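Throughout, residue positions are numbered sequentially from 1 according to the sequence presented. All figures in this text were calculated on a predicted structure; none of them were measured in a lab.
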Amino acid sequence: MTNNYPIRVLQVITGMGSGGAESFLMNMYRNINRELVQFDFLLRSRENIYKDEIEALGGRIYYTSTFPKHYYKNKREVREILNSNDFAAVHVHANALLYMTALSEAKRAGIPIRIMHSHNTSAKFKLSLPLHYINQKRLKYLATDFLACSKEAANWMFGQECQIIKNSVDINSFAFNESARNRIRDELNLSPNSFVIGHIGRFLQSKNHEFILDVFEKCRELNKESVLVLVGSGELFDKIKAEVTQRNLDQFVRFLGVRHDVNEVMSAFDTFIFPSKFEGLPLTLIEVQANGLPIFCSDRISSEAFVCDSVHVISLERDAEYWAKAIINRKCERMNNIPSLRSAGFDAALKDESLKLQNLYLQGRQ
């Protein structure tokens, strides 16, 4: 286009795996006006399940050394990338204020729009909290704009209100699909009587997979047809898989890894468990509500994610047996949650939220 369009915006994130922030970012990328705004990606990990799609949409991908292990090398590489390109904005996605290099180097390079975006409500490691609070004081000198997925996520990262960008989904694409249910259950060798407890999420401490196994063991005691299906990848994948073997649960647990058809996979579930230790506004929870599944989730998740009556909140102070009884004893029938999600604004949110971002990015060229 003329007038230096499209502008290029550098999206800074650890990697492009199967997490909620990554899904959010790709949803925005698919729906933004790419004649005006084009995304590039700066990654500190080689994990990138969206590589082909990013490149097909016109995006460029830059890989840097890991942080904090290669702090100085990472800093040099980021500086070189920023100085070699004409970025209109740098948009950093984070769960805590630990990686500040992209913002500080963007300011040094004179990039006019520098955004910090909070996607969670706590730090992965408690030992990192002092650094988080030190950087909280630095942030106002480095960033020009502050975004969050929920009010709780805003308060955690910034200690104040900021602009909320909803974790938006195409709710219709996640509606229950009977044919997909039958196909996926055949693929997984599940019987018609199998009671499938599903979970979708990265294998991280925050997702609480060990507790999921605790609950599942109790569910097996109450219903011998119970099967657990785990979708996702992550640093604890091998550890949890070994734990399943140690507990003699291999024949009852299915590990699906990263799937690009999670909207269909969840139709094969009968119920959904989500006992996270902390979350912002998890995209997965909105998607599962669109599917109509009964959801049993922890009380450590932003209440802004609880849109429909199919969500049942249980305290993490309750033991695995309590969770299992709640799951097994409740009549697990799907609900039509699409109207409720539509009323809550999630139906139009993809276009609306991508337009918010688009207008923010374009400020530097107006």
Side-chain angles (χ1 to χ4, degrees), residues 13 15-31 47-54 119 149 166-190 194 196-204 206-209 212 216 227-234 236-237 240-241 253-276 279-297 301 305 307-308 310-311 332 334-335 337-338 341 346-347 349-350:
I13 192 168
M16 288 300 291
S18 56
E22 295 95 316
S23 295
F24 161 82
L25 189 47
M26 290 306 297
N27 282 337
M28 294 297 101
Y29 193 18
R30 296 173 187 125
N31 284 274
E47 184 178 23
N48 189 355
I49 66 173
Y50 298 104
K51 179 179 182 297
D52 292 343
E53 183 179 4
I54 288 171
H119 287 275
C149 64
K166 286 185 179 180
N167 282 359
S168 310
V169 301
D170 179 0
I171 59 174
N172 292 316
S173 70
F174 285 90
F176 175 69
N177 185 320
E178 183 73 38
S179 62
R181 176 182 175 83
N182 296 332
R183 177 173 54 79
I184 299 295
R185 288 173 76 100
D186 285 345
E187 173 192 328
L188 301 179
N189 295 315
L190 299 171
S194 294
V196 181
I197 302 167
H199 176 80
I200 300 170
R202 289 180 57 76
F203 284 73
L204 305 172
S206 62
K207 299 298 183 182
N208 216 1
H209 281 85
I212 292 175
F216 178 64
V227 176
L228 178 64
V229 176
L230 300 174
V231 182
S233 63
L236 297 180
F237 182 88
I240 297 301
K241 200 165 187 179
V253 180
R254 310 285 198 274
F255 290 89
L256 303 195
V258 174
R259 300 279 296 225
H260 293 280
D261 60 346
V262 289
N263 59 324
E264 297 188 338
V265 169
M266 62 180 61
S267 286
F269 300 164
D270 295 301
T271 193
F272 192 81
I273 185 171
F274 204 71
S276 294
E279 292 276 356
L281 198 159
L283 196 66
T284 299
L285 210 54
I286 303 301
E287 295 168 348
V288 178
Q289 286 175 85
N291 192 263
L293 275 167
I295 301 166
F296 298 86
C297 66
I301 298 168
V307 180
C308 306
S310 57
V311 179
C332 291
R334 274 182 166 80
M335 300 176 64
N337 290 329
I338 299 297
L341 291 167
F346 285 99
D347 190 44
L350 275 172

Identify the two heavy atoms, one from Ser23 and one from Leu283, that lie closest to each other, and give their separation to 0.1 Å. CB-CD2, 3.2 Å
Is the closest side-chain donor-acceptor distance between Glu287 and Ser173 under 3.5 Å? no
Interatomic distance, Leu350 atom CG to Met28 atom CE [nearest 0.5 angstrom]: 5.0 Å
So does Asp270 pair up with Arg181, basic N to acidic O under 4.0 Å? yes
Considering only heavy atoms from C-beta outward, does the side chain of Val196 approach that of Arg185 to under 4.5 Å? yes
N-O pairing of Glu47 and Arg202 below 4.0 Å: yes
Output yes when Arg259 and Glu264 qualify as a salt bridge under the 4.0 Å nitrogen-oxygen rule, no when they do not. no
Nearest heavy atoms of Ile338 and Ala290, plus distance in Å: CD1-O, 3.7 Å
Between Asn208 (side chain only) and Pro275 (backbone N and O only), is there a donor and an acceptor less than 3.5 Å apart? yes
Taking the six-membered ring for Trp, are the ring centroids of Tyr50 and Tyr29 within less than 6.0 Å of each other? no
Closest heavy-atom contact between Val169 and Asn27? CA-ND2, 4.2 Å
Stepwise side chain to side chain contact (heavy atoms under 4.5 Å, CB included) test for Arg254 and Leu230: CA-CA 6 Å; Arg254 310 285 198 274; Leu230 300 174; over 6 Å; no
If we ignore hydrogens and angles and just use 3.5 Å, is the side chain of Arg334 paired with the main-chain N or O of Gly292 as donor and acceptor? no
I need the minimum non-hydrogen distance between Asn337 and Ser310, along with the two atoms involved. ND2-OG, 2.9 Å
Quick check for you: to the nearest 0.5 Å, what is the distance between Met266 atom CE and Thr284 atom OG1? 7.0 Å
For the residue pair His209 and Phe203, categorise the inter-ring angle as parallel (less than 30°), tilted (30 to 60°) or perpendicular (more than 60°). parallel
How about Val262 and Phe174: do any of their side-chain heavy atoms sit closer than 4.5 Å? yes
About how many Å separate SG of Cys297 and CG of Leu285, when rounded to the nearest 0.5 Å? 5.5 Å
Let me see the working for Met16 and Lys51 under side chain to side chain contact (heavy atoms under 4.5 Å, CB included), right down to the final yes or no. CA-CA 8 Å; Met16 288 300 291; Lys51 179 179 182 297; over 6 Å; no
Might you point out which heavy atoms bring Gly17 and Ile49 nearest each other, and give the distance in Å? O-CD1, 3.5 Å
Chi angles and distances behind the side chain to side chain contact (heavy atoms under 4.5 Å, CB included) call for Ile197, Phe269: CA-CA 6 Å; Ile197 302 167; Phe269 300 164; over 6 Å; no
Would you please indicate yes or no on a ring centroid separation below 6.0 angstrom for Phe24 and His119? yes
Tell me whether Gln289 contacts the main-chain N or O of Leu341 through its side chain, where contact means a donor paired with an acceptor under 3.5 Å. no
CG/Asn48 to CD1/Ile54 distance, rounded to the nearest 0.5 angstrom? 4.5 Å
Shortest non-hydrogen pair, Ser276 vs Glu279, comes out as OG-OE2, 2.8 Å
Test Ile184 against Asp261 for side chain to side chain contact (heavy atoms under 4.5 Å, CB included), laying out the working first. CA-CA 10 Å; Ile184 299 295; Asp261 60 346; 4.0 Å; yes
Phe274, Phe296, Phe255 screened by ring pair (Phe, Tyr, Trp, His ring centres under 6.0 Å) with His199, the one that passes: Phe274
Could you give the distance from CG (Leu188) to CG (Leu256), rounded to the nearest 0.5 Å? 5.5 Å
Quick one: which of Asn291, Asn182, Asn177 gives a side-chain hydrogen bond (donor to acceptor under 3.5 Å, both in side chains) with Ser267? Asn291
Can you tell me how far apart SG (Cys308) and CG (Leu293) are? Round to the nearest 0.5 Å. 11.5 Å
